[in-house]
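Remarks on the structure that follows.
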Amino acid sequence: MMNALIYRGPGDIRLEQLPAPSCGEAEIRVKVDACAVCGTDLKSFLHGNPKITPPRIIGHEFTGIIQTRGGAVSGYAVGERIVMATSVSCGLCAYCQRGWTNLCADMAAMGFQYEGGMAGFVTVPSRAVRNGHVVKVPQTVKPEHAALAEPLSCCVNAAENCGVAKGDTVVVVGAGPMGIMNALVAREFGAAKIILAEINEARLRQAEAFGFNRLVNPAKDDLAKVVKRMTRGLGADVCIVAAPAAPPQEQALGLVRKRGVVCLFASLPAGGSLLSIDSRPLHYNELRVVGTSDSTPAQVKRAVALIAGGSVPVDKLATHVLPLADFQRAFALMQSGESLRVVLTP
């Protein structure tokens, strides 16, 4: 038997005991020792999620040790630590054939269509194994840090989509955990100046520990003027909007230079996702606006390398490590803004 967090509907997530899952010939069973709580998990709890068919074990930012390997599985050994690219692709559609597995036409995600990682054990489905979604992690990496590979990989996707390069000035709007991770990854990609904007003063104080070049509260200071001042009037090379609100997405076009890139990283809620954008700077300044969603196995591997390399301060990102039974406290910490990433341990 094992403990597991079961999503049964909006406002109804329960800690229950279930039999440990079986492991098929082409599958891998993992003993989970850490699963981070994503903002999607919190939103599913508060408002429901049409992508999840209850009852379902939630959690997709997990890591663990291979306990059982099916007889048809090769390349993995019992005792190895793994994480996953948890949006599992079909490997067959036009998008998968181009390597855009995160945009698969027949996506099935851990914690949504497959049972997730907020449990004592999780079975990695055969098509995830077959399509390369299982990524090994060096044994030197702590579980609570390895669990951050999946969210960090989404930021790798954003940096790649934006073409962040050495010497760039990057503005990140939103200093929640994903905003800070985006800023950290941009720095790893070679950005020389990182400007982090956030209207929540408590969030800004949390961000001080990461050593970014400038922290700005747009409610108090004119962000566009700060950016222009720091770029000799040009504007940033890239602006990544990690705040789930329409105004900062609309205003981002005024923060970048000619041929600059605006990345809409945060999703807006259904029914509130329309933007009002001035097309003239988009046209005359030849700007690019890109979206970014999820990540590919290659991006998860890059995130693992960043974590294992020690240059990304994951110890400052995983602010709270709690037992699975304290999931309600985890949600409360996230809602209050006291935490960055909360990690649950079975």
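Values below: all heavy atoms of this structure, side chains included; hydrogens, waters and symmetry mates excluded. By convention here, the first residue in the shown sequence is residue 1.
- Contact check on Glu144 versus Arg341 returns no salt bridge, with no Lys/Arg side-chain nitrogen under 4.0 Å from an Asp/Glu carboxylate oxygen.
- Taking every heavy atom of both residues into account, Glu208 and Leu215 meet most closely at CG-CD1, 3.7 Å.
- Looking at Lys193 and Asp168, no side-chain N of the basic residue comes within less than 4.0 Å of a carboxylate O on the acidic one, giving no salt bridge.
- The pair Glu16-Arg8 meets the salt-bridge criterion, with a side-chain N (NZ, NE, NH1 or NH2) lying under 4.0 Å from an Asp/Glu carboxylate O.
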Result block: side-chain N/O donor-acceptor pairs under 3.5 angstrom for residues 92-105, not counting sequence neighbours:
{"unit_1": "Gln97", "atom_1": "NE2", "unit_2": "Gly91", "atom_2": "O", "d": "3.0"}
{"unit_1": "Asn102", "atom_1": "ND2", "unit_2": "Ser293", "atom_2": "O", "d": "2.8"}

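- Within the 4.5 Å cutoff, side-chain heavy atoms of Leu275 are placed close to those of Leu264.
- Distance alone, capped at 3.5 Å, is enough to place a donor-acceptor pair between the Arg56 side chain and the Gln113 backbone.
- Not one N or O on the side chain of Arg302 forms a donor-acceptor pair closer than 3.5 Å with the backbone of Val304.
- The cationic atom of Arg29 (NZ for Lys, CZ for Arg) lies less than 6.0 Å from the six-membered ring centre of Phe121 and within 45° of the ring axis.
- Both Phe62 and Val129 are assigned to one and the same hydrophobic cluster, defined by single-linkage of ILVMFWY side chains at heavy-atom distances under 4.5 Å.
- Here Lys258 does not pair with Glu286 in a salt bridge; the nearest charged N to carboxylate O distance is not below 4.0 Å.
- Comment: Glu338 does not engage Arg329 in a salt bridge, judged by the lack of any side-chain N to carboxylate O separation of less than 4.0 angstrom.
- Ion pairing of Asp106 with Arg127 is present here, as a side-chain N (NZ or NE/NH1/NH2) and a carboxylate O approach within less than 4.0 Å.
- Geometrically, Lys136 engages Tyr76 in a cation-pi contact defined by less than 6.0 Å to the ring centre and at most 45° from the axis.
- Side-chain atoms of His133 come within 3.5 Å of backbone N or O of Ala85 as a donor-acceptor pair.
- Between the Thr319 side chain and the Leu340 main chain, a donor and an acceptor come within less than 3.5 Å of each other.
- Applying the ring pair (Phe, Tyr, Trp, His ring centres under 6.0 Å) test to pairs two or more places apart or on separate chains, none has a residue in residues 265-305.
- Under the ring pair (Phe, Tyr, Trp, His ring centres under 6.0 Å) criterion, the residue pairs touching residues 311-346 are Phe45-Phe331, with sequence neighbours excluded.
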